[in-house]
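First up is the structure itself, then whatever we jot down about it.
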Amino acid sequence: MIRRAFTLIELLVVIAIIAILAAILFPVFAKARDRALVTACLSNMNQIGKGLMMYVDDNEQCYPANRFFNPGSPYTWKRALTPYMKSIDVWRCPANRAQLAAGSRLLPFSLKIGDESNALDPAIKADKSRWLPSGYAYNGGFFHEQNGTRRTSMIKSPASLMVIIECRTANPDLGPWTYNWTTDVTGALPADAGNGGKFSAFFTHNRRMNIVFAEGHAQAYTLPEVYQKNLWGVPETDGYLASGRAYSFPNP
């Protein structure tokens, strides 16, 4: 029996069919992968929310400060909550490439340090196994250390006041004033407007970011919603809040 080889036209038809199927299926697979990463990040945020509530219960209904300036051993809210976590991996959003973002307001912008406390505490700086990634920031609009101790009794609607938000910066906090900060995808540029960065200092999944609220639950919102709903918890007369509401945000 003589076997007939494929003709060139038949081969081209087969290749075209494969190309069409790939064009259809690859976006489906990519979306499925993105959904899996969002779910993993939201799981992290739920664990962080539970840890936050345990911290509050153990500290007379007080929330951690943004920064703790202990002599010789300064640290951030993230390190204060870490003892309540099963693993430091909970601080890693699997989709966020800015896990070792550069610099902060207290450190040179050239340093790729992750969490600010990695470089501020000499003992931790020397032991990279104790380093914490960046990727999640505190609500500096309400919980900044300059605002003093924040207690649960001070919050009228804890389910609508965010505490922790996704980010691309080594700064431990973001506030309503950071609406126009930009960086690159890895957080390697200074978080200042006009620095040439193409991405927002806030990190999002398909334009939605996971947020932990003051009573511990986690939920996703868009950045414009954060400003429109005033999830910062700042006075409505706040100029940065108004500017953020009118701002056309950079790429997520």
Determine, using the 4.5 Å side-chain heavy-atom cutoff (strictly less than), whether [X] and [Y] are members of one ILVMFWY cluster.
| X | Y | result |
| --- | --- | --- |
| Val212 | Tyr227 | no |
| Leu81 | Met53 | yes |
| Tyr136 | Ile211 | no |
| Tyr179 | Leu231 | yes |
| Tyr221 | Tyr240 | yes |

So, for [X] and [Y], which heavy atoms are closest and what is the spacing to 0.1 Å?
| X | Y | value |
| --- | --- | --- |
| Ala101 | Ser134 | N-OG, 3.1 Å |
| Leu174 | Ala201 | CD1-O, 4.1 Å |
| Pro235 | Leu241 | O-CD2, 4.0 Å |
| Lys112 | Ala188 | CE-CB, 4.4 Å |
| Cys41 | Pro94 | N-CD, 4.4 Å |
| Pro64 | Tyr138 | O-OH, 2.7 Å |

If you look only at distance, which donor and acceptor atoms sit under 3.5 Å apart when one is on a side chain in residues 44-51 and the other is two or more places apart or in another chain?
residue: Asn44; atom: ND2; partner: Val90; partner atom: O; Å: 3.4
residue: Asn44; atom: ND2; partner: Arg92; partner atom: O; Å: 2.9
residue: Asn46; atom: ND2; partner: Leu42; partner atom: O; Å: 3.2

Only pairs under 3.5 Å count here: list side-chain donor-acceptor contacts from residues 159-167, not counting sequence neighbours, and write none if there are none.
residue: Ser160; atom: OG; partner: Ser157; partner atom: O; Å: 3.1
residue: Ser160; atom: OG; partner: Ser157; partner atom: OG; Å: 2.7
residue: Glu166; atom: OE1; partner: His205; partner atom: NE2; Å: 3.0
residue: Glu166; atom: OE2; partner: His205; partner atom: NE2; Å: 3.2
residue: Glu166; atom: OE2; partner: Asn210; partner atom: N; Å: 2.7

Pair Thr183-Arg168, side-chain donor/acceptor within less than 3.5 Å: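 Note: Thr183 and Arg168 side chains miss the donor-acceptor criterion.
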Qualifying side-chain hydrogen bond (donor to acceptor under 3.5 Å, both in side chains) pairs with a residue from residues 65-78, counting only residues at least two apart or across chains: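 Found Asn66-Glu145, Asn66-Asp173, Arg67-Glu116, Arg67-Glu145, Ser73-Asp121, Thr76-Asp115.
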Side chains of Trp91 and Pro133 in contact at under 4.5 Å (non-hydrogen atoms):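 Of all side-chain heavy-atom pairs linking Pro133 with Trp91, at least one is under 4.5 Å.
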Pairwise side-chain contact, Pro176 with Asn230, heavy-atom cut-off 4.5 Å (strictly under):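 No, every pair of side-chain atoms sits at 4.5 Å or beyond.
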Test side-chain contact (heavy atoms from CB on, under 4.5 Å) applied to Leu132 and Ile88, step by step: CA-CA 7 Å; Leu132 299 178; Ile88 63 171; 3.7 Å; yes
Kindly compute the distance separating [atom1] ([X]) from [atom2] ([Y]), expressed to the nearest 0.5 Å.
| X | Y | atom1 | atom2 | answer |
| --- | --- | --- | --- | --- |
| Asp58 | Tyr84 | CG | OH | 3.5 Å |
| Gln99 | Phe203 | CD | CZ | 9.0 Å |
| Ser243 | Asn180 | OG | CG | 8.5 Å |
| Arg150 | Gln61 | CZ | CD | 16.0 Å |
| Trp232 | Trp177 | CH2 | CH2 | 7.5 Å |
| Met54 | Asn59 | CE | CG | 12.0 Å |

Linked hydrophobic residues, Leu100 as query - side chain contacts closer than 4.5 Å: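 Besides Leu100, the hydrophobic cluster comprises Ile124, Trp131, listed by chain and residue number.
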Residues that, via side-chain heavy atoms closer than 4.5 angstrom, fall in one hydrophobic cluster with Phe69: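 Traced through the cluster, Phe69 reaches Leu106, Leu107, Leu111, Ile113, Leu120.
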Residues forming a salt bridge (Lys or Arg N to Asp or Glu O under 4.0 Å) with Glu236, sequence neighbours excluded: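 Once residues adjacent in sequence are excluded, the partners of Glu236 under the salt bridge (Lys or Arg N to Asp or Glu O under 4.0 Å) criterion are Arg245.
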Aromatic ring pairing Tyr247/Phe249, orientation class (parallel under 30°, perpendicular over 60°, tilted between):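 Rings of Tyr247 and Phe249: perpendicular, over 60°.
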Ring centre gap for Tyr63 and Phe142 strictly below 6.0 Å: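 No, ring centres 6.0 Å or more apart.
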Main-chain N/O of Arg105 paired with Asn171 side-chain donor or acceptor, under 3.5 Å: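 Checking the backbone N and O of Arg105 against the side chain of Asn171, a donor-acceptor pair under 3.5 Å is found.
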